[in-house]
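Structure first, then comments.
Since the model is a prediction, treat every value here as computed from it, not as a measurement. When a ligand or atom number is given, it counts from 1 through the structure's own listing order.
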Amino acid sequence: MVEYVTAEEMRALEANADYYGVSYGTLMENAGRKVAEVLRALYGCKRVLVVCGKGNNGGDGFVAARYLAMSGCHVSVILLGRASDVKKGPAVENLFKLRMAKVDVMEIEAPEMLTRESFEACEIIIDAILGTGSYGVARGLAARAINLINNSPAIKVSVDTPSGFDARTGQCPLCVKPDLVVTFHAMKKGLERYNTEVVDIGIPEKAMTHAGPGDLLLIKSRGDFEHKGQSGRVLVIGGGPYIGAPALTAMAALRTGADIVTVASPRRAADIIASYSPNLITYPLSDRNKITGADVDLLTEQISRHDVIVMGMGAGHDPETLRALGEIMKLCDRVVLDADALQPEMPLKGIVTPHRGEFRRISGIDVAGDGQEEAREFSRSKNLVTLLKGRTDVITDGQRVKLNSTGSPGMTVGGTGDVLAGITGALYSVNPAFEAATAAAFISGAAGEMAFREKGYGLLATDVVHCIPYVMKEFRQQQG
Ligand SMILES: NC(=O)C1=CN([C@@H]2O[C@H](COP(=O)(O)OP(=O)(O)OC[C@H]3O[C@@H](n4cnc5c(N)ncnc54)[C@H](O)[C@@H]3O)[C@@H](O)[C@H]2O)[C@H](O)CC1
Ligand SMILES: [K+]
């Protein structure tokens with residue numbers, strides 16, 4: 001079965017590869033070298049013209065040109081722009097390396113410099129103008145070059161995608177018509193219509209199996225929206241015998257980017273939480289000490305005014321409370337269930353975030369190994385997403401499985417599970433469940449690592465909450 005990846009998924013894989021030790025530069029070196037190897041194997045060493053864009057696709061072209069030149073081929077390079085326009089990072093480095101290898105690079109500063117002759121004195125043209133970063137119809141110098149390439153009698157080899165190909169739509173209004181496409185790592189939708197070779201460029205297994213910064217690229221959070229409330233409205237239903245748990249969940253949801261977080265708790269807990277932080281809106285329930293059946297109707301309106309409901313933390317095991325939680329769950333669409341809401345008789349749905357003991361309680365299964373198969377089967381049978389917490393977390397929707405190994409020994413302190421539930425709820429309010437749970441596990445663990453670096457074993461769950469925005473900012477900044 002052909003496995004496809006989207007442009008966004010490739011960007012996420014690249015970011016995870018970099019995080020797991022295979023840098024962008026190494027990926028580009030591997031990509032360009034593979035293009036040169038495939039081309040030499042198929043066509044031998046002909047006169048080659050490499051046409052490069054300003055982005056990383058062009059960077060691959062610089063690397064391919066260097067390898068072909070070093071193996072004795074006659075290579076010339078056209079850059080559609082000035083050297084100073086080339087994307088910072090591995091592309092610029094490889095333009096420098098290419099020039100150090102004494103390969104001539106012609107910088108095109110004006111369209112009239114691109115003439116039919118430029119594309120005729122060669123037998124092979126490598127099209128490294130646009131790759132997965134292309135959007136919309138090819139324009140400017142790229143459009144002119146595409147037309148001239150297509151009018152040339154030379155063999156055309158496209159790097160990653162034919163330039164002008166929109167990897168989001170698979171459409172190609174104005175595209176290079178290649179004899180061969182050498183695409184990286186996996187097929188892209190729409191490339192089936194070309195003679196395409198998929199080459200491995202060394203993306204490590206862990207970049208695919210484990211959560212990483214790339215998974216933050218696949219989700220939206222505050223900053224991706226304009227108006228208040230668009231970044232998600234989370235209702236936390238919990239508290240009673242315990243008061244801190246729902247407060248930790250709520251603060252974590254705010255720190256992750258939810259716009260509005262309301263805590264619905266029994267009256268005593270609600271009063272204390274309201275005094276704990278002015279950032280939190282509290283909604284006192286009917287009884288002073290525990291969640292009861294009277295709260296089911298009381299909460300109907302609140303539930304309709306929020307995108308996600310995070311339930312269970314600190315609610316206790318009183319039979320009336322558990323019955324009430326089960327009834328409330330039936331009113332919810334998107335829900336994150338944690339702690340006391342994780343009972344076998346409950347109508348479990350949405351995202352469940354059990355540790356192994358809670359997983360045993362809801363599934364009857366004692367997880368032996370890493371829990372992947374057990375969690376996947378449970379998610380499949382219940383049609384929900386399981387985030388099974390452990391030294392390595394397992395996130396699954398019954399089909400896909402992702403592992404998360406961020407986290408620190410200090411996170412055994414009480415409350416970190418409440419924090420994870422809050423992060424999960426905030427992300428689930430504006431993202432699909434599986435992507436939200438994967439990113440939440442990564443963020444929670446990375447925030448725990450940051451807190452551990454600062455506080456060692458003395459870290460508290462509130463320290464983890466404090467680190468959430470720093471972690472999110474750090475990883476999103478790295479992606480540019
Ligand atoms: N996926 C991997 O593991 C690797 C991918 N590599 C290569 O990187 C490109 C993607 O690079 P990126 O910099 O994101 O974008 P592009 O180079 O494709 O293009 C960006 C460049 O082009 C301009 N632009 C965008 N759309 C258009 C348009 N319609 N018309 C004209 N110009 C356009 C934009 O302004 C930028 O300047 C991927 O395909 C791989 O080839 C890594 O190098 C190796 C690992
Ligand atoms: K290309």
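- The protein heavy atom nearest to atom 3 (O) of ligand 1 is Glu14 CG, 3.2 Å.
- Looking at Ala31 next to ligand 1, no N or O pair under 3.5 Å apart turns up.
- Checked by atom type, the side-chain pair Ser76/Asp104 shows no donor-acceptor distance below 3.5 Å.
- With a 4.0 Å heavy-atom cut-off, ligand 1 is reached by the side chain of Ile201 but not by its N, CA, C or O.
- The environment of Arg193 atom CZ is dense: over 12 non-hydrogen atoms of other residues, nucleotides or ligands sit within 6.0 angstrom.
- Applying the side chain to side chain donor-acceptor pair (under 3.5 Å) criterion to Thr209, with sequence neighbours excluded, gives no partner residue.
- Salt bridge annotation for Arg380-Glu377: present, with a cationic side-chain nitrogen under 4.0 angstrom from a carboxylate oxygen.
- Which parts of ligand 1 touch Gly55 is read off a 4.0 Å heavy-atom cut-off, strictly below it: atoms 13 (O), 17 (O).
- Residue Leu27 has at least one heavy-atom neighbour below 4.0 Å for each of these atoms of ligand 1: 44 (C), 45 (C).
- Ligand 1 lies less than 4.0 angstrom from a heavy atom belonging to Gly136.
- Looking at atom 38 (C) of ligand 1, its nearest protein heavy atom turns out to be Asp160 OD2, 3.2 Å.
- Among the backbone and side-chain atoms of Pro162, none of the N, O or S atoms lies under 3.4 Å from the K ion (ligand 2).
- Residues satisfying the side chain to side chain donor-acceptor pair (under 3.5 Å) criterion with Asp160, sequence neighbours excluded, are Thr183, Lys188.
- With respect to atom 41 (O) of ligand 1, the closest heavy atom belonging to the protein is Asp60 OD2, 2.6 Å.
- Ligand 1 lies nowhere less than 4.0 angstrom from a heavy atom belonging to Gly53.
- Against a heavy-atom cut-off of under 4.0 Å, Met10 is close to the following atoms of ligand 1: 1 (N), 2 (C), 3 (O).
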- Message: Applying side-chain contact (heavy atoms from CB on, under 4.5 Å) to Val22 and Ile203, what does each step give before you reach the verdict?
- Response: CA-CA 7 Å; Val22 179; Ile203 290 184; over 6 Å; no

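- Both the backbone and the side chain of Asn56 come within 4.0 Å of ligand 1, judged by heavy-atom distances.
- Side-chain contact annotation: Asn16 with Asp215, donor-acceptor N/O pair under 3.5 Å present.
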Assess the residue pair Arg400 and Glu435 against the criterion (side-chain contact (heavy atoms from CB on, under 4.5 Å)); give the C-alpha distance rounded to whole Å, side-chain angles, the decisive distance to 0.1 Å, and a yes or no.
CA-CA 10 Å; Arg400 297 170 287 178; Glu435 286 76 3; 3.0 Å; yes

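- Evaluated by nearest non-hydrogen atom to atom 35 (O) of ligand 1, the leading choice among Phe184, Tyr135, Phe165, Phe62 is Tyr135.
- The K ion (ligand 2) is closest to atom O of Asp127 (considering only N, O or S atoms).
- Checking Asn94 against Arg66 by side-chain atom types alone, a donor-acceptor pair falls below 3.5 Å.
- Nearest protein heavy-atom contact of atom 22 (O) of ligand 1 is Leu130 CD2, 3.2 Å.
- The environment of NZ in Lys349 is crowded: more than 12 heavy-atom neighbours from other residues, nucleotides or ligands sit within 6.0 Å.
- For atom 10 (C) of ligand 1, the closest heavy atom belonging to the protein is Thr132 OG1, 3.3 Å.
- Of all the heavy atoms of Ile203, the ones lying under 4.0 Å from any atom of ligand 1 belong exclusively to the side chain.
- Looking at Ser429, its side chain does come within 3.5 Å of a backbone N or O of Ala426 through a donor-acceptor pair.
- By the neighbour-count criterion of 12 heavy atoms within 6.0 Å, atom CG of Asn151 is densely surrounded, having more than that number from other residues, nucleotides or ligands.
- Of the protein's non-hydrogen atoms, the one nearest atom 15 (O) of ligand 1 is Gly133 CA, 3.2 Å.
- Residue-level proximity to ligand 1 for Arg11 is carried by the side chain, the only part with a heavy atom below 4.0 angstrom.
- Counting the atoms of ligand 1 from 1 in the order shown, those under 4.0 Å from a heavy atom of Lys87 are 12 (P), 13 (O), 14 (O).
- Under 3.4 Å from the K ion (ligand 2) lies no N/O/S atom of Phe165, from backbone or side chain alike.
- Contact atoms of ligand 1 toward Gly131: 16 (P), 18 (O), 39 (O) (distance under 4.0 Å to a heavy atom of the residue).
- For Glu14 and Arg11, the salt-bridge test fails: no basic side-chain N is under 4.0 Å from an acidic carboxylate O.
- The line from CG of Asp179 to OH of Tyr43 is 5.5 Å long, rounded to the nearest 0.5 Å.
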(message) Assess the residue pair Phe62 and Val103 against the criterion (side-chain contact (heavy atoms from CB on, under 4.5 Å)); give the C-alpha distance rounded to whole Å, side-chain angles, the decisive distance to 0.1 Å, and a yes or no.
(response) CA-CA 10 Å; Phe62 297 144; Val103 175; over 6 Å; no

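- Near Ser134, meaning under 4.0 Å from one of its heavy atoms, ligand 1 places the atoms 18 (O), 25 (C), 26 (N), 29 (N).
- Looking only at protein heavy atoms, the nearest one to atom 27 (C) of ligand 1 is Arg139 NH2, 3.4 Å.
- The single protein non-hydrogen atom nearest to atom 9 (C) of ligand 1 is Asn57 N, 3.6 Å, given as residue, atom name and distance.
- Residue Asn57 counts as close to the K ion (ligand 2), with an N, O or S atom under 3.4 Å.
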